[in-house]
Amino acid sequence: MDPLRPFRSEVESAAKEAFRSMGADVPFEIEVPSTGIADLAVPCFPLAKTLRKAPAAIAEEALSHLPAMTLISRAWAEKGYLNFKVDTSVLASSTVRAVLEEASSYGRGEDRPEKVLLEHTSVNPTGPIHVGRARNPIIGDTLARCMRACGYDVTTEYLVNDVGKQVVLLAWGLENIDPSEVDAVESDKADHRLVPFYRKANQMMEADPEVARQVADMLVRFEAGDAEVIDTVRKTASLMLDGIVQSLSAINVHIDQFTWESDFIKDGSARRVVDELTKCAVCREDKGARYLDLEGCGIHGRGTKFFFTRADGTTLYTTRDIAYHLNKFCRADRAINILGEDQKLGQAQLANALRFLGKDRAPECIYYSFVSLPEGRMSTRKGVVVYLDDLIEEAEERALEEVSKRRTDLSEEKMLEIARNIGRGAVRYNIVRVQPEKQLIFKWEEALNFEGNSAPFVQYAHARACSILRKAGDFDRSADPSVLTNDYEVRLIKELARLPSVIVEAGEKARIHLLPVYCQEVASAFNQFYTYVPVLKGEDMKDARLALVEATRIVLANALITLGLSAPEEM
RNA sequence: GCACACGUGGCCUAGACUGGAUAUGGCAGCAGCCUCCUAAGCUGCAGGUCGGGGGUUCGAAUCCCUCCGUGUGCGCCA
């Protein structure tokens, strides 16, 4: 349940009654003032026109018409606002009790019937995943977690691109390049070991027309359905994919299902898309290649010619993506895609094509801007790149340094475990804390920030709460929380009460960056409480404060888990 | 060139969808706080033309127009 809801409802009905008795039965807003001056406020400015009075006068008059309220301790008029303070004792009781009672499900919404298919990551299996692309799985996995917390039935899916020139080229390289011709890589992960082959193959293709011819030949055989070639390419993609999946699992990203792009060629569904699109009134042909004329469909430039076949009749990526989406629509009520901003045109073409195919559905897309390095855009081929694996490794090392600096009492194994949780969490947190559409320049010192607005800051607050609870042992959980009325306690309780509404906002509106912001605020409120309010030496307040610490621990743990981070008991 | 997105103290960022009170935090800087529940913490100081200009409005970081900057796209690539 949402502990804030009853307060909001009471303000709503009271204000409604007051305005009605003044002759203004109109809708109004209830806001949470950013200044912190009140807990809830109703701006009276919009009513000025209807009532033909100054907002300040309306607020004053409404105040005198307000009915008696039970959950609000104070109401007053100020600068055109009708302000309300919640009864902190009531809030303390209802919030702490709700959190303790609901425990790990506090913040979760009711189950919803909609089935959601969330496609994310889907990076080409031609190299290890780098931090530029890492935004995708982190956003996708976090959104999946937020939506599940909202009660949706979410399945995550990765479309494996095992069709096309790049993978074919890689497969060619593995077959034709002798390992002694490329630089050795010390990594034991397949995706890293294949990089030199990919780079070399690219160079060879550019330099030698014979190589280019061989690759082109392989591609033709692939598209003609040559089982041997398809098998070779798919095995290569699979090898890369294993490495990518390993990297993802290191940052706690799990993919429920994998779909192979070549399947849409094999099962004929891509061909059916071509046949259907060919029947469209806007279908045109240019030297044998077919396209949809999307003039006037909100697309500009050459993109208005949406080619869906080559001159030789073979399909293109977006054509297969249409087949994939038709398939998705059969399996889920909502299809959500996490995509790089470079996909916008393709998705606009896809949405239009789906419309011409008579579908009134389109995927909901979330676009993220690329992460670049201070020296420019990342490129595996050019070697201007920071791999996710390197970032994870660096973050873990840095975390281990920090742990061993402050803990001498732990076993090596325990320290490594803590360092893993901290380092990996920091990587995820630093990416989700920024809105997807903002451009991001990767800087080591920011990615490895372990204080302030970071995962370790939040995890540390959780560990501190655990530490108090560990030392306290058993306590009376039925202690009356309404005695928690000092500023630090109240501020903390107000934060705890917000979790359900933050989860709804994050999951429902895909605004996942609000969750790290919230975590930071809870942790910050708890750290202040921790500094100034004694718990174990809290005398007759001890049990009530322990209940508050327990409630904080639960809220932090639930929020951390929803972010895909661990909630360490010590660090 | 055309289209889409983004621009908030030295750096990163919230607030923008749904206009409303004193613009949120963090990093870096400076000054403090460990006989007391883990100092990955806490407190204070300093730092702002919300990219520029115009408009709408009682009121604009928020909406509209325009210009500038950055990113992305404009392949019979994926």
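Residue numbers begin at 1 in each chain, while the letters A, B, ... track the order of the sequences.
Rounded to whole angstrom, the span from the CD1 atom of Ile431(A) across to the P atom of U13(B) amounts to 13 Å. If you take CZ of Phe526(A) and P of G41(B), they are 14 Å apart, rounded to a whole angstrom. Taking atom CG of Leu339(A) as the reference point, atom P of U72(B) lies 16 Å away to the nearest angstrom.
Using a 4.5 Å heavy-atom cutoff, the side chains of Pro363(A) and Leu350(A) are in contact. Taking the side chain as every heavy atom from C-beta outward, Pro534(A) and Arg545(A) approach each other to under 4.5 Å.
Applying the 4.0 Å criterion to OP1 and OP2 of C27(B), one finds that Asn449(A) has every side-chain N and O outside that range. Contact check, Arg470(A) against C37(B): no side-chain N or O comes under 4.0 Å of OP1 or OP2. The phosphate of A16(B) (OP1 or OP2) has no side-chain N or O of Gln435(A) nearer than 4.0 angstrom. Taking 4.0 angstrom as the limit, His513(A) places none of its side-chain polar atoms (N or O) nearer than this to OP1 or OP2 of A16(B).
By the side chain to side chain donor-acceptor pair (under 3.5 Å) test, Glu364(A) pairs with Arg334(A), sequence neighbours left out. Under the rule for a side chain to side chain donor-acceptor pair (under 3.5 Å), Glu12(A) has no partner lying at least two apart in sequence or in another chain. Residues that satisfy the side-chain contact (heavy atoms from CB on, under 4.5 Å) test with Glu295(A), not counting sequence neighbours, are Asp293(A), Thr304(A). Under the side-chain contact (heavy atoms from CB on, under 4.5 Å) criterion, Pro55(A) pairs with Phe45(A), Ala48(A), sequence neighbours left out. With sequence neighbours excluded, the residues forming a side-chain contact (heavy atoms from CB on, under 4.5 Å) with Ala237(A) are Pro125(A), Asp162(A), Val167(A), Trp260(A), listed by chain and number. Listed by chain and residue number, nothing satisfies the side chain to side chain donor-acceptor pair (under 3.5 Å) test with Asp286(A) (two or more places apart in sequence, or in another chain). Taking Phe307(A) as the reference, Tyr291(A) meet the ring pair (Phe, Tyr, Trp, His ring centres under 6.0 Å) condition, with sequence neighbours excluded. For Arg290(A), the side chain to side chain donor-acceptor pair (under 3.5 Å) test picks out Thr278(A), with sequence neighbours left out.
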Pairwise N/O distances under 3.5 Å, protein to nucleotides 57-62 of chain B:
none

Could you list, one pair per line, each protein nitrogen or oxygen that sits under 3.5 Å from a nitrogen or oxygen of nucleotides 4-8 of chain B, together with the distance?
from  : atom 1 : to        : atom 2 : distance (Å)
C4(B) : O2'    : Lys344(A) : NZ     : 3.3
A5(B) : O4'    : Lys344(A) : NZ     : 3.3
G7(B) : OP1    : Lys438(A) : NZ     : 2.6

Could you pull out the protein-nucleic contacts involving nucleotides 28-30 of chain B (nitrogen or oxygen on both sides, under 3.5 Å)?
from   : atom 1 : to        : atom 2 : distance (Å)
A28(B) : OP1    : Glu451(A) : OE2    : 3.2

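Nucleotides of RNA chain B nearest to Arg377(A) and Pro456(A) differ in position, and the one nearer the 5' end is that of Pro456(A).
When both distances must be under 3.5 Å, the Watson-Crick or G-U wobble mate of G29(B) is C45(B). Across the strands present, A3(B) finds its partner in U72(B); the criterion is a Watson-Crick or G-U wobble pair with both atom distances under 3.5 angstrom.
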Throw together a table of side-chain donor-acceptor distances under 3.5 angstrom for residues 129-137 of chain A, partners on residues two or more places apart or in other chains.
from      : atom 1 : to        : atom 2 : distance (Å)
His130(A) : ND1    : Gly132(A) : N      : 3.0
His130(A) : ND1    : Arg133(A) : N      : 3.4
Arg133(A) : NH1    : Tyr368(A) : OH     : 3.3
Arg135(A) : NH1    : Ser369(A) : O      : 2.8
Arg135(A) : NH1    : Pro436(A) : O      : 3.4
Arg135(A) : NH1    : Lys438(A) : O      : 2.8
Arg135(A) : NH2    : Gln435(A) : O      : 3.0
Arg135(A) : NH2    : Pro436(A) : O      : 3.3
Arg135(A) : NH2    : Lys438(A) : O      : 3.0
Asn136(A) : OD1    : Thr121(A) : N      : 2.7
Asn136(A) : ND2    : Ile338(A) : O      : 3.1
Asn136(A) : ND2    : Tyr368(A) : OH     : 3.3

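The nucleotide whose nearest atom lies closest to any side-chain atom of Asn527(A) is, among A39(B), G25(B), G41(B), G41(B). Here the nucleotide nearest the side chain of Arg302(A), chosen from C76(B), G75(B), C37(B), is G75(B). Nearest to the side chain of Lys537(A), among C42(B), G73(B), C36(B), sits C36(B). Among the nucleotides G15(B), C17(B), C12(B), the one closest to the side chain of Glu446(A) is C12(B).
C58(B): glycosidic angle beyond 90° from 0, hence anti.
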